[in-house]
2 protein chains.
Amino acid sequence: MAWKALSMIAYFAAKWDSWRKEDVVANLKSLAEHLGLSQATVSRALNNYSTVNQETRAKVLEAAKKLNYRPNSSARRLATGRADAIGIVLPHQDDLLVDPHFADFLAALTKKLATYDNDVVLTATDTPQTYQRFAEIGKVDGFVISAPKAHDERIAVLSKLNFPFIVHGRCETDLPYGFFDIDNEGAFYDATKLLLQLGHTRIGLINGAADLMFAKQRLDGYNRAHKEFGIKPALELIHHDHMTEEYGYRHAQALLDLDDRPTAFLCSSTLVTVGAQRRIREMGLEIGKDISIITHDDGLSSLKTENFSVALTVTRAPIRDAGTQIAKMVVDLVRGTPIEQLQKVVPVDLIVRTSTSAPRRSRS
Amino acid sequence: MAWKALSMIAYFAAKWDSWRKEDVVANLKSLAEHLGLSQATVSRALNNYSTVNQETRAKVLEAAKKLNYRPNSSARRLATGRADAIGIVLPHQDDLLVDPHFADFLAALTKKLATYDNDVVLTATDTPQTYQRFAEIGKVDGFVISAPKAHDERIAVLSKLNFPFIVHGRCETDLPYGFFDIDNEGAFYDATKLLLQLGHTRIGLINGAADLMFAKQRLDGYNRAHKEFGIKPALELIHHDHMTEEYGYRHAQALLDLDDRPTAFLCSSTLVTVGAQRRIREMGLEIGKDISIITHDDGLSSLKTENFSVALTVTRAPIRDAGTQIAKMVVDLVRGTPIEQLQKVVPVDLIVRTSTSAPRRSRS
DNA sequence: GCAACTATTGAAAGCGCTTTCAAGAAAACG
DNA sequence: CGTTTTCTTGAAAGCGCTTTCAATAGTTGC
């Protein structure tokens with residue numbers, strides 16, 4: 001085993017040597033000297049200036065490649081004023097809570113930004129001062145704001161600083177800002193409508209935290225559908241909380257303990273549904289028969305709604321798509337695309353599977 | 001509503017103005033001029049050099065605060081050669097798969113690094129060249145490597161480059177490197193032993209991907225316990241795969257379809273257990289009675305093992321702790337702490353709850 | 001054939017900070 | 001009281017890159 005380990009390392013080392021070019025050149029200056037050119041010309045060649053002769057450019061590019069030259073990023077940043085990096089603040093709502101959706105979002109965002117040679121810089125503390133500092137200090141060229149609240153301080157601050165940012169979601173403000181959002185209102189309108197059409201009249205809503213904009217939008221959709229059917233949903237049916245398995249369980253429990261308990265649930269995330277399902281089972285009820293469920297599905301890579309015991313009817317909008325799109329949008333914004341062109345809302349699919357059916361008639 | 005939105009914005013704007021000091025000073029030069037001092041002295045004062053007079057320092061600090069001065073990070077990086085940033089490469093095993101544990105880990109890491117004034121820079125592409133480039137380019141001072149394989153290329157490369165890095169986990173190599181790991185082998189040894197002591201003789205193992213080091217370690221623990229009991233586990237009992245709900249389901253299914261089916265499962269992650277549980281239920285079996293389960297619990301903030309229908313017996317090691325510890329370790333490493341002092345393995349708790357019991361005797 | 005362009009390159013001035021080196025003032029020493 | 005030390009500060013030289021501006025050579029126009 002020890003031998004094997006050693007040989008593997010030797011293998012990788014050799015492989016690595018073959019990638020690594022012999023000569024390595026540290027900086028522009030030495031590359032320029034090596035080529036017998038000025039730093040200026042070499043820099044221009046590397047940065048695709050039209051004023052540089054084709055042959056020269058070719059030579060420079062070749063040498064740079066051969067000598068494995070990489071421009072120092074700090075120097076470049078200092079000279080250009082650009083950071084080629086986008087900031088993103090970890091949404092740690094509570095101290096402990098981390099949204100699992102965020103991993104998928106981040107992965108897609110980072111991957112797409114890499115195609116624009118932009119990095120992602122993470123920060124933990126979510127205060128206006130953090131944003132200001134990052135902006136002023138030149139660490140990032142722009143921000144992506146996640147999980148906006150209806151009235152989000154961060155947007156006020158960044159607007160005031162006149163610093164580029166794209167919001168993942170929307171908020172209520174008259175300030176102009178770029179955003180990418182899914183049609184949460186429409187999605188939950190459709191979902192609610194489907195349930196109402198099936199004959200459900202008491203529909204429990206297990207929503208995200210009340211101050212988050214998307215939760216508000218979803219509630220709006222829920223309400224609009226009810227209004228169309230002339231039904232006024234009881235307040236006891238509407239729950240707002242963090243979207244964890246645990247809270248899914250608790251709120252399902254509360255809903256099922258009601259005297260006149262709902263015949264259908266509308267859940268804001270897959271994990272919440274896992275929790276709700278646990279409670280439903282405990283009570284000996286059957287999903288899709290005793291109780292219908294529609295959940296919002298962010299297309300998490302590690303937890304798929306089609307794989308639930310009872311395949312779930314969902315409103316589906318892959319959060320990775322949001323990451324990918326927002327990456328492009330924020331880069332465009334930094335490069336000068338006007339805000340008005342960076343406001344996008346995409347529709348949400350309603351995928352009907354077996355967790356929804358007409359309510360059972362037999363009720364005591 | 002529109003009015004309310006407007007007023008909120010006005011509120012935030014006002015609040016913001018009160019934070020924001022009137023005068024703002026762009027750079028060291030103007031701050032120095034404002035103070036009637038040289039840039040050198042001001043810089044020294046700001047960076048806590050002992051050679052600067054106490055009174056002068058106080059004056060400088062006060063002025064810097066009042067004028068809201070923030071040193072430009074690129075300039076500072078260029079001058080010092082430090083980036084004050086740690087790189088981390090997103091572990092996208094497949095194109096689509098994102099490990100939900102990673103969000104928790106990242107959050108803790110980022111938060112702790114912030115206390116050292118270090119940022120986290122994310123990258124998507126996981127090739128040796130990526131590491132090399134980031135290192136040479138000066139974007140980061142060090143790396144954190146996640147999910148190492150037994151023979152991990154990245155470690156060979158970074159070692160060769162002589163670039164600081166800390167591994168979250170371990171690997172098989174004779175190269176010296178810093179790491180933080182939990183005692184996976186011990187944890188699964190303990191868990192397996194518990195099951196064997198309870199009388200189980202056929203224990204299904206639903207492990208992580210076979211090339212990942214932690215999966216190997218866990219398998220080792222599983223095997224060691226069996227050896228002690230003089231039992232040779234059948235190969236059919238040992239499964240390796242990605243740790244998603246879906247695969248948990250599938251492998252549980254495969255295991256339960258065996259002629260002589262296992263009476264206990266050992267699962268490598270909470271999400272896998274969710275899937276396994278689904279299959280177990282479908283077959284009308286009862287966890288903790290028909291089948292015992294022990295799962296490894298990374299302490300995910302949004303999915304807690306104590307909240308399963310049948311509270312799960314677990315080997316528990318919060319992944320956030322790893323993030324926090326590694327943050328400190330990598331900073332220490334960059335600052336010169338020798339590698340030998342940066343190798344840590346922490347024990348794992350075995351928490352017994354109700355998902356484990358002696359196997360049922362009645363078997364056909 | 002000379003003025004007016006065009007194409008291409010280089011010199012040099014930053015970008016905003018840190019840090020070496022030298023210098024002046026104050027304090028300590030003998 | 002002259003000399004050595006200690007404190008404190010400033011001037012200036014980078015860090016490695018980009019970019020303005022000037023300069024040269026080569027073209028074109030009339």
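Chain letters run A, B, ... following the sequence lines, proteins first, then strands; residues in each count from 1.
- Under the 3.5 Å distance criterion, with hydrogens and angles disregarded, a donor-acceptor pair is assigned to the side chains of S30(B) and N27(B).
- Residue contacts for T80(B): at a heavy-atom cut-off of 4.0 Å it reaches the sugar-phosphate backbone alone, with no base atom in range.
- Note that CD of E153(B) and CD1 of I145(B) are 10.5 Å apart. Values are rounded to the nearest 0.5 Å.
- Heavy-atom nearest nucleotides on DNA chain D were determined for R76(A) and for S50(B), and the one closer to the 5' end corresponds to S50(B).
- Note on S38(B): a side-chain N or O is less than 4.0 Å away from OP1 or OP2 of dG10(D).
- Salt-bridge check for D141(A) with R82(A): failed, with every basic side-chain N at 4.0 Å or more from each acidic carboxylate O.
- Two residues, A40(B) and A79(B), neighbour DNA chain D, and the one matched to the more 5' nucleotide by heavy-atom proximity is A40(B).
- Residues Q39(B) and K29(B) have side chains that never bring a donor and an acceptor to within less than 3.5 angstrom of each other.
- In this structure, K139(B) is positioned above the aromatic face of F134(B), its NZ or CZ under 6.0 Å from the six-membered ring centre and within 45° of the axis.
- Residues V120(B) and V121(A) have side chains not in contact (no heavy-atom distance under 4.5 Å, counting atoms from C-beta outward).
- Axis angle between the ends of the helix from dG1(C)-dC30(D) to dG30(C)-dC1(D), five pairs each and rounded to 10 degrees, works out to 40°.
- Summarising the geometry, atom OG1 belonging to T110(A) is positioned 11.0 Å from atom CD1 belonging to I86(A); distances are rounded to the nearest 0.5 Å.
- Counting any heavy atom pair closer than 4.0 Å across all strands shown, R44(B) reaches a base atom.
- In this structure the side chain of E136(A) reaches within 4.5 angstrom of the side chain of L161(A), judged on heavy atoms.
- A salt bridge links D104(A) to R320(A): at least one charged side-chain nitrogen sits closer than 4.0 Å to a carboxylate oxygen.
- Chain A approaches DNA chain C within less than 4.0 angstrom (heavy atoms of the protein), and the contacting nucleotides run 5' to 3' from dT8(C) to dG16(C).
- A salt bridge links R77(B) with D119(B): at least one charged nitrogen is closer than 4.0 Å to a carboxylate oxygen.
- A distance of 11.0 Å separates OG in S73(B) from CZ in R133(A), rounded to the nearest 0.5 Å.
- Each of Q39(A) and S43(B) was assigned the nucleotide of DNA chain C with the nearest heavy atom; the assignment lying further toward the 5' end belongs to Q39(A).
- Taken residue by residue, residues 54-62 of chain A places heavy atoms nearer than 4.0 Å to DNA chain C at T56(A).
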